[in-house]
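To start, the structure under review is shown below, and the notes come after it.
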Amino acid sequence: DIQMTQSPSSLSASVGDRVTISCRASQGISNSLAWFQQKPGTAPKLLLFAASRLEDGVPSRFSGSGSGTDYTLTISSLQPEDFATYFCQQYYDRTPLTFGGGTKVEI
Amino acid sequence: QVNLVQSGAEVKKPGASVRVSCKASGYMFTSYGITWVRQAPGQGLEWLGRISGYNGNTNYAQRFQGRISMTTDTATSTAYLDLRTLTFDDTAIYYCARIGLTTTDYWGQGTLVTVSS
């Protein structure tokens with residue numbers, strides 16, 4: 001199985017801050033990486049796929065980058081509605097899909 | 001719009017079985033698969049398996065082989081997860097998610113399954 005290591009596990013930030021979250025795969029995943037946002041009690045929401053492609057309707061302050069084993073989610077200017085937990089998912093090997101441990105973004 | 005609505009919370013005793021349903025709407029059910037994922041308290045997300053909406057073919061995570069089943073009812077656009085011989089470690093929120101063109105694009109709201117004596 002492909003292991004996904006996400007960091008940090010939590011961070012504190014203020015509105016307007018630039019936030020960066022990292023995800024490292026245990027082997028190359030050829031940009032087959034997605035990022036999700038999850039707020040308490042709600043379903044995860046797909047933000048980006050193919051490492052850097054924004055899902056329809058997702059604000060452009062979210063961006064993704066990376067290649068090989070290392071990937072990054074950046075929020076360019078944190079908004080109040082962005083306080084949530086973010087997690088990565090690799091789908092290079094779909095059996096099984098594997099996920100990062102999550103990053104909780106707090107005020 | 002695509003929507004996945006899951007069944008309500010369940011409380012089960014150890015050794016029992018549970019069925020979680022996931023009713024899809026807003027798209028052609030048979031054109032997409034459904035994957036099931038769970039999240040135990042304080043833990044990360046764990047993939048349980050997937051089922052084709054087209055032909056019902058399944059792939060299960062190895063550690064659940066023998067006590068997990070996934071089925072679909074195309075007439076009602078509903079997917080089902082059955083998990084048997086429950087233990088305390090099966091306490092988790094169970095999610096269904098549509099398998100889109102690349103990966104899981106729409107998720108259900110989650111179903112809390114609590115295993116308690």
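As a basis for the values below, the full set of heavy atoms in this structure was taken, side chains included, without hydrogen atoms, waters or symmetry mates. Every chain is numbered from 1, with letters handed out A, B, ... down the list of sequences.
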Rounded to the nearest 0.5 Å, what separation is found between the [atom1] atom of [X] and the [atom2] atom of [Y]?
{"X": "Q39(B)", "Y": "F87(A)", "atom1": "CD", "atom2": "CZ", "value": "7.0 Å"}
{"X": "L48(B)", "Y": "L97(A)", "atom1": "CG", "atom2": "CG", "value": "10.5 Å"}
{"X": "T102(B)", "Y": "E55(A)", "atom1": "OG1", "atom2": "CD", "value": "7.5 Å"}
{"X": "T103(B)", "Y": "Y92(A)", "atom1": "OG1", "atom2": "OH", "value": "15.0 Å"}

Is the number of heavy atoms from other residues, nucleotides or ligands within 6.0 Å of [atom1] ([X]) greater than 12?
{"X": "F83(A)", "atom1": "CZ", "answer": "yes"}
{"X": "K23(B)", "atom1": "NZ", "answer": "yes"}
{"X": "R84(B)", "atom1": "CZ", "answer": "yes"}
{"X": "Q62(B)", "atom1": "CD", "answer": "no"}
{"X": "R61(A)", "atom1": "CZ", "answer": "yes"}

Checklist line | side chain to side chain contact (heavy atoms under 4.5 Å, CB included) assessment of F49(A) paired with D105(B) | finding: CA-CA 9 Å; F49(A) 60 95; D105(B) 54 1; over 6 Å; no
Do the side chains of [X] and [Y] join up, straight or via other hydrophobic residues, at under 4.5 Å, putting them in one cluster?
{"X": "V20(B)", "Y": "I68(B)", "result": "yes"}
{"X": "Y80(B)", "Y": "L83(B)", "result": "no"}
{"X": "L73(A)", "Y": "I2(A)", "result": "yes"}

Check: Checking side chain to side chain contact (heavy atoms under 4.5 Å, CB included) for the pair Q38(A)/Y95(B): CA distance, chi angles, key distance, verdict?
Finding: CA-CA 13 Å; Q38(A) 187 175 24; Y95(B) 293 99; 2.7 Å; yes
Margin query: So for Q6(A), is it side chain, backbone, both, or neither that comes closer than 4.5 Å to the heavy atoms of chain B?
Written below: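 Q6(A) has no heavy atom closer than 4.5 Å to chain B.
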Checklist line | chain A contacts, top residue of T35(B), T104(B), I93(B) (heavy-atom pairs, under 4.5 Å) | finding: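 The candidate making the most pairs under 4.5 Å is T104(B).
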Checklist line | R50(B) and T95(A): CA distance, side-chain angles, deciding distance, side chain to side chain donor-acceptor pair (under 3.5 Å) verdict | finding: CA-CA 9 Å; R50(B) 64 174 176 267; T95(A) 308; 2.9 Å; yes
Margin query: Using every non-hydrogen atom in the two residues, find where R94(A) and W47(B) come nearest and quote the distance to one decimal.
Written below: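 R94(A) and W47(B) have their closest heavy atoms at O-CZ2, 3.7 Å.
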Next item on the list: Quick one: closest heavy-atom pair of A43(A) and G108(B), and the distance?
Entry: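 Smallest heavy-atom distance, with atoms named: CB-O, 3.0 Å.
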Notebook entry, point to check: Taking P44(A), G102(A), A34(A) one by one, which has the highest count of heavy-atom pairs under 4.5 Å against chain B?
Noted result: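 Highest number of pairs under 4.5 Å: P44(A).
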